[in-house]
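Heads up: the structure comes next, in structure tokens.
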Amino acid sequence: EQEREVLTWVTFGDASRDLTKKIVDDGFVPDIVIAIARGGLIPAGAIAYAMGVKAAGTLNVEFYSDIEETLPDPVVLEPLLDTDAIVGKKLLVVDDVADSGRTLALVIDLLKAHTPDVRSAVIYTKPRTIVQPDYSWRETDKWINFPWSTLPVIT
Ligand code: 5GP
């Protein structure tokens with residue numbers, strides 16, 4: 001078993017406030033916060049509340065099927081984002097982590113086809129990422145246990 005980076009709910013609360021402060025201090029106020037589902041849903045909600053942005057959307061992407069077990073490529077899943085609604089809007093794309101960065105790269109490319117100002121925020125960045133997020137809370141090369149995906153599924 002390799003060592004893990006464990007993010008608790010309490011630390012996540014502080015992380016989302018710290019990350020939002022970085023974005024606000026940079027003078028960036030998005031029109032819409034876009035969560036990359038599912039990993040970015042909870043971070044995006046926390047950031048949207050922390051910055052007082054009410055407009056939120058989601059883009060559903062799957063890449064990891066299990067711990068360190070990936071599909072060949074990240075794929076966009078249904079339900080799809082209404083791309084007409086984002087034309088000309090300033091977007092903040094939020095995910096839990098930029099690991100390979102391939103999910104973020106796919107989403108940024110897709111959104112930039114519809115609007116020019118697309119920035120990204122993640123809780124964690126790993127050193128190997130192919131895209132550097134605009135805003136990141138911390139860097140790690142460990143596997144991260146997020147509080148929302150660590151406990152077993154309730155059946
Ligand atoms: P990518 O390799 O495309 O940057 O990562 C895609 C997604 O895989 C992330 O948004 C996240 O949901 C999941 N993922 C990647 N690395 C980790 C990790 O260290 N821990 C957890 N729990 N999920 C990860």
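Keep in mind that this is a model prediction, so the values were computed, not measured. Read the numbers this way: they start at 1 and go in the same order the structure lists the ligands and their atoms. Heavy atoms only: backbone and side chains are in, while hydrogens, waters and symmetry mates are out.
Considering both main-chain and side-chain atoms, G101 comes within under 3.5 Å of ligand 1 through a nitrogen or oxygen pair.
From the protein, the heavy atom lying nearest to atom 15 (C) of ligand 1 is D99 OD2, 3.4 Å. With hydrogens left out, the protein atom closest to atom 5 (O) of ligand 1 is Y64 CE1, 3.4 Å, a heavy atom. Atom 12 (O) of ligand 1 has as its closest protein heavy atom D96 OD2, 3.0 Å.
Using a distance-only test at 3.5 Å, with no hydrogens or angles considered, no donor-acceptor pair links the side chain of S16 to the main chain of P43. In this structure a side-chain-to-backbone donor-acceptor pair under 3.5 Å is present from N60 to E78.
Close contacts between ligand 1 and T103 involve ligand atoms 1 (P), 3 (O), 5 (O), 6 (C) [criterion: under 4.0 Å to a heavy atom]. Near I144, with a cut-off below 4.0 Å to any heavy atom, the atoms of ligand 1 are 18 (C), 19 (O), 20 (N), 21 (C), 22 (N). Close contacts of ligand 1 with D95, meaning ligand atoms under 4.0 Å from a residue heavy atom, involve 10 (O). The atoms of ligand 1 that sit less than 4.0 Å from any heavy atom of R102 are 3 (O), 4 (O). Distances below 4.0 Å separate heavy atoms of K126 from the following atoms of ligand 1: 16 (N), 18 (C), 19 (O).
Paired with R119 under the rule side chain to side chain contact (heavy atoms under 4.5 Å, CB included), one option of D134, I23, V94 passes, and it is D134.
When the heavy atoms of W143, F63, Y124, W148 are ranked by distance to atom 21 (C) of ligand 1, first place goes to W143. Selection from G40, S100, S149, G39 by nearest heavy atom to atom 1 (P) of ligand 1 gives S100.
Sequence neighbours left out, the pairs with a member in residues 91-111 that pass side-chain hydrogen bond (donor to acceptor under 3.5 Å, both in side chains) are Y64-D99, D73-R102, D99-K126, D99-R128.
Considering OG1 of T140 and CD1 of I123, their distance stands at 13.5 Å, rounded to 0.5 Å.
Considering only heavy atoms from C-beta on, D14 stays 4.5 Å or farther from F12 through its side chain.
When heavy-atom distances to ligand 1 are checked against a 4.0 Å cut-off, V97 comes that close through both its backbone and its side chain.
Contact annotation: A98 has at least one heavy atom less than 4.0 Å from an atom of ligand 1.
S136 is linked by a side-chain contact (heavy atoms from CB on, under 4.5 Å) to V122, T125, counting only residues two or more places apart in sequence or in another chain.
Heavy-atom neighbours of F63 CZ from other residues, nucleotides or ligands within 6.0 Å: above the threshold of 12.
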Before you tell me yes or no, could you show the steps for V61 and V75 under side-chain contact (heavy atoms from CB on, under 4.5 Å), namely the whole-Å CA-CA distance, both residues' side-chain angles and the distance that decides it to 0.1 Å? CA-CA 5 Å; V61 181; V75 284; over 6 Å; no
